[in-house]
Peer 1: 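First, the structure itself, so that you have it in front of you.
Since we're looking at a predicted model, the values are computed, not measured.
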Amino acid sequence: EVSLMESGGGLVQAGGSLRLSCRTSGFTFGDYAMAWFRQAPGKEREGISCISISDGATQYADSVKGRFTMSSDNAKKTVFLQMNSLKPEDTAVYYCAADLRGGIGVDPLMRYEYDYWGRGTQVTVSS
């Protein structure tokens, strides 16, 4: 059974940093795509970063580009999101997602590309 479990969220002051982790199980890390999404209260779930597990290529939403970095540790079957220079508008529940169809999708920051999701971890940035 495929499982994704996020950790690392918390409360941080504006300008601070957090590192989120997503530990996976139930599938073999290979030519897949994984992503981080976030959802703030009253807003749509937003794709903010994705990574191709096979070659490490990444993409980012403009809202986080230059501040967030996504990476993977294939041996540990874990992906990470390093978040720096956090802003109050980054406050949201952050979700990890996996696309196991092979390769990276046409719209890799769109929700419909991903079939497997974690339960999320709360990130709160105070001003």
Side-chain angles (χ1 to χ4, degrees):
E1 181 182 359
V2 175
S3 174
L4 310 177
M5 184 174 295
E6 304 93 340
S7 62
L11 174 63
V12 64
Q13 288 188 333
S17 298
L18 282 174
R19 189 190 194 210
L20 305 184
S21 300
C22 174
R23 186 178 65 191
T24 72
S25 62
F27 65 98
T28 301
F29 253 35
D31 185 22
Y32 303 131
M34 294 197 65
W36 286 97
F37 286 72
R38 67 185 182 186
Q39 189 165 16
K43 293 190 176 181
E44 294 290 321
R45 193 170 295 189
E46 170 193 20
I48 57 172
S49 67
C50 64
I51 190 167
S52 168
I53 296 300
S54 61
D55 64 10
T58 54
Q59 295 185 37
Y60 299 93
D62 288 343
S63 57
V64 305
K65 198 173 293 182
R67 300 187 298 123
F68 291 9
T69 303
M70 186 172 185
S71 61
S72 69
D73 182 332
N74 293 358
K76 294 183 179 179
K77 299 178 66 176
T78 300
V79 295
F80 304 96
L81 185 68
Q82 178 66 43
M83 306 187 295
N84 298 329
S85 302
L86 283 161
K87 305 175 182 179
E89 52 262 44
D90 294 318
T91 295
V93 178
Y94 284 69
Y95 298 91
C96 175
D99 172 6
L100 304 185
R101 294 171 295 171
I104 197 162
V106 174
D107 296 313
L109 293 181
M110 297 298 288
R111 188 173 179 175
Y112 75 86
E113 293 278 10
Y114 298 89
D115 294 323
Y116 299 95
W117 295 83
R119 293 187 175 185
T121 185
Q122 176 71 46
V123 171
T124 302
V125 184
S126 63
S127 58

Peer 1: Looking at Asp107 and Leu109, would you say the former's side chain and the latter's main chain have a donor-acceptor pair under 3.5 Å?
Peer 2: no
Peer 1: For residues Pro108 and Gly105, report the shortest heavy-atom separation together with the two atoms involved.
Peer 2: CD-O, 3.5 Å
Peer 1: Can you see whether Tyr95 has Arg38 sitting over its ring - NZ or CZ less than 6.0 Å from the centre and within 45° of the normal?
Peer 2: no
Peer 1: Taking Lys43 for the side chain and Ala92 for the main chain, is one N or O donor matched with an acceptor at less than 3.5 Å?
Peer 2: no
Peer 1: Is Glu6 reaching over with its side chain to a backbone N or O of Cys96, donor-acceptor style, under 3.5 angstrom?
Peer 2: yes
Peer 1: Side chains of Thr78 and Asp73: do they bring a donor and an acceptor to under 3.5 Å?
Peer 2: no
Peer 1: For a quick test of reading the model, state the closest non-hydrogen atom pair linking Ile53 to Ser72 and the distance between them.
Peer 2: CD1-CB, 4.0 Å
Peer 1: Between Trp36 and Phe68, is the ring pair (Phe, Tyr, Trp, His ring centres under 6.0 Å) condition met? List the steps.
Peer 2: CA-CA 11 Å; Trp36 286 97; Phe68 291 9; 9.9 Å; no
Peer 1: I need the minimum non-hydrogen distance between Ala33 and Tyr114, along with the two atoms involved.
Peer 2: O-CE2, 4.0 Å
Peer 1: If I take atom CZ from residue Arg67 and atom CE from residue Met83, how far apart are they, to the nearest 0.5 angstrom?
Peer 2: 9.5 Å
Peer 1: What are the two closest heavy atoms between Met34 and Met70, and how far apart are they?
Peer 2: O-CE, 3.5 Å
Peer 1: Can you confirm whether the side chains of Asp99 and Tyr116 place a donor and an acceptor under 3.5 Å from each other?
Peer 2: no
Peer 1: Indicate the atoms forming the closest heavy-atom contact of Leu18 with Gly8, along with that distance.
Peer 2: CD2-O, 3.8 Å
Peer 1: Out of curiosity, Ser7 OG to Tyr94 OH, how far, rounded to the nearest 0.5 Å?
Peer 2: 15.0 Å
Peer 1: If we ignore hydrogens and angles and just use 3.5 Å, is the side chain of Ser127 paired with the main-chain N or O of Pro88 as donor and acceptor?
Peer 2: no
Peer 1: Run Asp90 and Lys87 through salt bridge (charged side-chain N to carboxylate O under 4.0 Å, His left out) and show every step you take.
Peer 2: CA-CA 5 Å; Asp90 294 318; Lys87 305 175 182 179; over 6 Å; no
Peer 1: So for atom CZ, which belongs to Arg23, do other residues, nucleotides or ligands contribute more than 12 heavy atoms lying within a distance under 6.0 Å?
Peer 2: no
Peer 1: Kindly indicate, with the supporting measurements, whether the criterion salt bridge (charged side-chain N to carboxylate O under 4.0 Å, His left out) is fulfilled by Arg101 and Glu113.
Peer 2: CA-CA 9 Å; Arg101 294 171 295 171; Glu113 293 278 10; 2.4 Å; yes
Peer 1: Test your reading of the model: is there a side-chain donor-acceptor pair from Thr121 to the backbone of Gly9, 3.5 Å cut-off?
Peer 2: yes
Peer 1: Between the side chain of Ser3 and the main-chain N/O of Thr24, is any donor-acceptor distance below 3.5 Å?
Peer 2: no
Peer 1: Identify the two heavy atoms, one from Ser85 and one from Ser17, that lie closest to each other, and give their separation to 0.1 Å.
Peer 2: N-OG, 4.4 Å
